[in-house]
Amino acid sequence: MFKYFPHTDDDLQAMMATVGVDSVDALYAQIPENIRFRGDYQIPSEMSEMEVRQLFEKLASQNSQLTCFAGYGVYDHYTPSVIPNLLSRSEFLTSYTPYQAEISQGTLHYIFEYQSMMTELTGMDISNASMYDGTTAAAEAMMMAVAAGKKQNKVLVSETLNPKTREVLDTYALHQGIELVTIPMENGVTSRQNLEAQLAQGGVAGVMVQQPNVFGIIEDYTGFAEACHEQKALFMMDSVAADLAVLKTPGEWGADIAVGDGQSLGIPMLFGGPYVGYMCCTEKLIRKMPGRIVGMTKDNRDQRAFVLTLQAREQHIRRQKATSNICSNQSLMALFVTIYCSLMGKQGLKEAAQLSYAGAHYMYEELAKTGRFHLVFDKPFFNEFYVKYDGDADTLYQRFIEAGILGGVRFEDGIIFAVTEKRTKEEIDNLVKIAAL
């Protein structure tokens, strides 16, 4: 018996007697012999701490650290060094769901602050206590719209939505009986004429668009919310959180639900996660919102206290009454965003967004001067832009990699480049130099 197993032979005999078997192997009798593993596991022998560190350093050295000009939903933003240090404190790193408010005031407090920051950033009334990531937040918004629309089960989705998000929507819709219909684009932006035509046919619970869209274009959604509301449909907007520091907010566009990924608020790319999704809505939709909401109240001594105000998930209420089965949220990453926003402040968020915008426009202008790049859609863009290259784009992409640069994201027959405040003029000029060869 392994020394780290707490059960004695007597314990095992007592448990087997209880379930009516005479050996441990008898517990697995129903498993076919041809799929049972009888050999030795290929586990390395024990190592000292120094040897383990050397092993992982060797493995880590195989990673290539590239200068990132890729975006497509994940962005290389600056992370203040204080955040990982605060986040690794044991009271944050090991905390779980704050069921007992009287001993969870710290966790409830920072979630409340997170919600306050997200409502201000999006211009909406209410924020929940975060979601898994941006794509699942969009899927939850889709289901929320259908739940609010009662007998309407059709959701219109703009063609300019990120395809990764659309794939997640398709997966959720398949098992929820939701009909997803695409609103085609015209010259890189959502067709308002087609939107209005589809709304007029009836049965639409909601409409989802993206700002900036997948091509980095800043779309004009004037009149979209009014068109949706005239047909009793909800208007949903998916946005990169950091961009809302300077762009018109979903609330200002008249959105009913605002969702997106909070990764751009300082969370490192981390090989794809963990990230944090945000979801905000108007007050009238608060009881249709998944997850939970932290509120502020006063205790019996008239002191400020924080509590779980709404908990519309299946662990707290009857499963059939739950708005969603979303479980443990990315609360640690919500804290990450909260600390980031606190450190940066309003002006810092704006400056980071403005630097990203300026860097992207400088980079495009320099690429255009080579005579080999042009915008696929001649529309205003933010910090991301979609270009065609007069040459072999795959070969160019490989040249970037060999030079230590992640040169955008290949999209159809072009490239989508992204620039953040981390990219320097020297790095941009180096990319342009390679592209001009």
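What's counted below: heavy atoms across the whole structure, side chains too, no hydrogens, waters or symmetry copies. Just so we're clear, the structure is a prediction, and the values are computed from it rather than from any experiment.
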Quiz item: Under 3.5 Å, is there a donor-acceptor pair between the Ser191 and Glu186 side chains?
Solution: yes
Between Ala148 and Leu234 the two heavy atoms that sit nearest each other are CB-CD1, 4.0 Å
Item checked: Whether Tyr278 side chain and Val259 backbone form a donor-acceptor pair below 3.5 Å -> yes
**Prompt:** So do Lys379 and Phe215 actually touch side chain to side chain, heavy atoms under 4.5 Å?
**Reply:** no
Item to complete: Report the C-alpha separation of Thr135 and Asp133 in whole Å, then their side-chain angles, then the decisive distance to 0.1 Å, and conclude whether the side chain to side chain donor-acceptor pair (under 3.5 Å) test is met.
Response: CA-CA 6 Å; Thr135 57; Asp133 55 24; 3.0 Å; yes
Practice problem: With ring pair (Phe, Tyr, Trp, His ring centres under 6.0 Å) as the test, would you mind laying out the steps for Tyr364 and Phe417 before giving the verdict? | Solution: CA-CA 9 Å; Tyr364 170 67; Phe417 289 105; 9.8 Å; no
Using the side chain to side chain contact (heavy atoms under 4.5 Å, CB included) rule, take Asp243 and Tyr357 through it: C-alpha gap first, then chi angles, then the decisive distance, then the call. CA-CA 9 Å; Asp243 298 353; Tyr357 175 92; over 6 Å; no
Could you verify whether a donor N or O on one side chain and an acceptor N or O on the other, from Asp25 and Ser23, lie under 3.5 Å apart?
no
Output for pair (Gln211 CD, Thr160 OG1), nearest 0.5 Å, gives 9.0 Å
Q: Would you please test Met333 and Ile267 for side chain to side chain contact (heavy atoms under 4.5 Å, CB included) and show each step?
A: CA-CA 8 Å; Met333 307 317 291; Ile267 299 177; 3.8 Å; yes
OG1 (Thr420) and CZ (Phe69) are apart, to the nearest 0.5 Å, by 8.5 Å
Donor-acceptor check, side chain of Asp11 to backbone of Thr8, threshold 3.5 angstrom: yes or no?
yes
Notebook entry, point to check: Is it true that Tyr386 and Phe381 have ring centroids separated by less than 6.0 Å?
Noted result: no
OG1 (Thr119) and CG (Asn128) are apart, to the nearest 0.5 Å, by 11.5 Å
When you measure from the side chain of Glu384 to the backbone of Val214, do you find a donor-acceptor pair of N or O atoms at a distance under 3.5 Å? no
Below 6.0 angstrom between ring centroids: does that apply to Phe37 and Tyr41? yes
Test side-chain hydrogen bond (donor to acceptor under 3.5 Å, both in side chains), reference Lys422, set Thr79, Thr67, Asp76, output is Asp76
- Message: Checking Tyr110 against Ser331: is there a side-chain donor and acceptor pair closer than 3.5 Å?
- Response: yes
The reported gap from CG in Leu108 to CE in Met296 (rounded to nearest 0.5 angstrom) is 13.0 Å
Given the options Glu196, Gln198, Arg192, Asn194 meets side-chain hydrogen bond (donor to acceptor under 3.5 Å, both in side chains) only with Gln198
- Please assess Met236 against Val209 for the test side chain to side chain contact (heavy atoms under 4.5 Å, CB included), listing each intermediate value before the final yes or no. CA-CA 6 Å; Met236 299 172 283; Val209 298; over 6 Å; no
Closest non-hydrogen atoms of Ser356 and Val419, given as atom of the first, atom of the second and distance, are CB-O, 3.5 Å
What one should report as the nearest heavy-atom pair of Gly177 and Asn153 is O-ND2, 3.0 Å
